Amino acid sequence: MKYRGIILMAIVFMTSPLIALISEMSYGRPMKITRNWKAVSTADRAFQYVDDSTLISMDILLLEDDGGLPEAYTTYIRTPVCDDTLCNLLHIQMYWNVLGNYLGFDTIAGESLTKNDHLAFTNEDYDKLHQLLQDDNAVIKRKSKAELFDKTETRQSEVVDAVTGATALEVKEAVVDGALYSCYTLYHLVYGEISDRIQLHTEELLDRGLTEKLLNSQYADDQLYALKNLNEDDFLRYKEIILGLIESAIPLNRIYILKKMPKILWQDREVQLKLGKYFMAMDVNSRTYVLNKLLDEDWIEPQSLNDMANCLTELSKNQVKSLSAILAKNEEVIWSSTRMRIDSIVNGGQFRYDYLLQP
């Protein structure tokens, strides 16, 4: 089912009988967002999801960029969140990224989020909710509804003749004051089964175009997701992107690339040159891994040997040992300028590991 332009359909189980709600919305930048927002051109229905705990049925929509590639998922939620009459219905547009992680939310025109006594959320309240939803290990993740309140205390509503339990101290700082149920409901929708369903749906869509988009993403989790789905042929296909990531990726992703990179690439001239060029800027674990892998190769590019030798004084003892072994193994191809650089370090009397480089 295709939604063009700004049409959004959401079907919500409220009470019996089923209430169907159709809402028109534009997909501009949400009120709160964890990433840079890109314009979307279409919205496809990805799947329908029914949350057992809230009895909410939602059409999960896949938002696509101008190139027709997945950009995000979204759904409209309309649900009660309280066990009494102290709260209004909750209306919100929720967003996930293509990995199923929380992305952001938006309010519905004329339907501000509210707290106890029908008080509207303030800007600070929206900030607090956004902060909570970004925490995938928040205290309320491990709580049932019954554990949210301190049963020894009660709170009297100033507007409605009703009493509600006081929020337990251990969760009070994490949630919006007076909107515990709203926070709890939204949090468990964001981090519940729906997240897994989104990731499964993305896996079905993972083609060359989406893979390249994720590899080229500025976000480390996108990159790692794509990297985990690459086979040996993919590493060859995306060699230029992979080399760029070795230079720019966070240490976790860089070491993942190095460990998964097939042997044929370790023997590749361009790859060896890039490894030498980026060697100085690498984190210590990546340097160690590169040295250990290159030690297994029969031949190393002289330029790479030179670049790594220029980093000698920055290396640990074990790294110097490994590089010394690599240099000895490739003695016949080492440039004279590289030898002179090493000799000056050994004879300078200032390098604590100079003895590891002596014949």
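It should be emphasised that the depicted structure is a prediction, and the values quoted were computed from it without experimental measurement.
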Open item on the list: Pair Asp127, Lys32 - check side chain to side chain contact (heavy atoms under 4.5 Å, CB included), show working.
Closed with: CA-CA 8 Å; Asp127 289 340; Lys32 297 297 178 183; 2.3 Å; yes
Open item on the list: Show, in sequence, the C-alpha distance, side-chain angles and deciding distance for Lys128 and Asp177, and conclude whether the salt bridge (charged side-chain N to carboxylate O under 4.0 Å, His left out) test is met.
Closed with: CA-CA 9 Å; Lys128 189 68 171 289; Asp177 187 26; over 6 Å; no
Task: Check against ring-ring contact (aromatic ring centres under 6.0 Å, His included), Tyr49 and His201 - done: CA-CA 12 Å; Tyr49 173 78; His201 189 266; over 10 Å; no
TODO: Applying side chain to side chain contact (heavy atoms under 4.5 Å, CB included), run through Asn292 and Ser322 and close with a yes or a no.
DONE: CA-CA 7 Å; Asn292 290 339; Ser322 296; 3.4 Å; yes
Task: From CA spacing to verdict: salt bridge (charged side-chain N to carboxylate O under 4.0 Å, His left out), Lys277, Glu247 - done: CA-CA 9 Å; Lys277 181 180 179 180; Glu247 177 185 21; over 6 Å; no
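Residues Leu133 and Met94 have side chains in contact (heavy-atom distance under 4.5 Å, counting atoms from C-beta outward). For the pair Leu189/Met58, a side-chain contact is recorded, criterion being any heavy-atom separation below 4.5 Å from C-beta on. Annotation: side chain of Trp299 is in contact with side chain of Val333 (closest heavy-atom distance under 4.5 Å). Between Asn97 and Arg35 there is a side-chain heavy-atom pair separated by less than 4.5 Å. Contact of the Ser112 side chain with the Tyr126 side chain is registered, since non-hydrogen atoms from C-beta on lie closer than 4.5 Å. Residues Leu205 and Leu62 form a side-chain contact, since some pair of their non-hydrogen atoms from C-beta on lies under 4.5 Å apart. Within the 4.5 Å cutoff, no side-chain heavy atoms of Ile77 are placed close to those of His91.
In this structure, the salt bridge (Lys or Arg N to Asp or Glu O under 4.0 Å) partners of Lys239, at least two apart in sequence or on a different chain, are Asp268, Glu270. Scanning for side chain to side chain donor-acceptor pair (under 3.5 Å) contacts around Arg29 gives an empty result, with sequence neighbours left out. For Phe235, the ring-ring contact (aromatic ring centres under 6.0 Å, His included) criterion is met by no residue, not counting sequence neighbours.
Sequence neighbours left out, the pairs with a member in residues 336-346 that pass side-chain hydrogen bond (donor to acceptor under 3.5 Å, both in side chains) are Asn306-Thr338. Listed by first then second residue, pairs satisfying side-chain hydrogen bond (donor to acceptor under 3.5 Å, both in side chains) with a partner in residues 204-218 read Asn36-Gln218, Asp65-Lys213, Glu71-Lys213, Arg208-Glu212, Ser217-Asp222, not counting sequence neighbours.
Cluster membership check: Leu327 does not share its hydrophobic cluster with Trp335, using side-chain heavy-atom separations under 4.5 Å among Ile, Leu, Val, Met, Phe, Trp and Tyr.
Using cut-offs of 30° and 60° on the angle between ring planes, the pair Tyr289 and Trp266 is tilted. Ring geometry for His188 against Tyr184 counts as tilted: the plane angle lies between 30° and 60°, on a 0 to 90° scale.
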Listed pairs under 3.5 Å, donor-acceptor, residues 278-288 side chains, sequence neighbours left out:
from	atom 1	to	atom 2	distance (Å)
Asp283	OD1	Arg254	NH1	2.7
Asp283	OD1	Ser286	OG	2.7
Asp283	OD2	Asn285	N	3.4
Asp283	OD2	Ser286	N	3.1
Asp283	OD2	Ser286	OG	3.2
Arg287	NE	Phe279	O	3.2
Arg287	NE	Met282	O	3.4
Arg287	NH1	Glu314	O	3.4
Arg287	NH2	Met280	O	2.5
Thr288	OG1	Val284	O	3.1
Thr288	OG1	Gln319	NE2	2.8

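Of the candidates Trp37, Tyr76, Tyr73, Trp37 is the only one forming a ring-ring contact (aromatic ring centres under 6.0 Å, His included) with Tyr95.
At least one donor-acceptor pair under 3.5 Å links the side chain of Thr75 to the backbone N or O of Asp59. Using a distance-only test at 3.5 Å, with no hydrogens or angles considered, no donor-acceptor pair links the side chain of Lys274 to the main chain of Ile246.
Remark: Glu203 CD is packed, more than 12 non-hydrogen atoms of other residues, nucleotides or ligands lying under 6.0 Å away. Residue Ile264 qualifies as open at atom CD1: its count of foreign heavy atoms under 6.0 Å is 12 or below. The number of heavy-atom neighbours closer than 6.0 Å to NZ of Lys141, taken from other residues, nucleotides and ligands shown, is above 12.
Between Ser41 and Glu64, the side chains place no donor N or O within less than 3.5 Å of an acceptor N or O (distance only, hydrogens not considered). No side-chain donor-acceptor contact under 3.5 Å links Ser304 and Gln272.
How far CG of Leu63 is from CG of Leu61: 6.5 Å, rounded to the nearest 0.5 Å. Atom CG of Leu230 and atom CD1 of Ile257 lie 9.0 Å apart (nearest 0.5 Å).
In summary, Lys115 and Asp125 engage in a salt bridge, as defined by a charged side-chain N under 4.0 Å from a carboxylate O.
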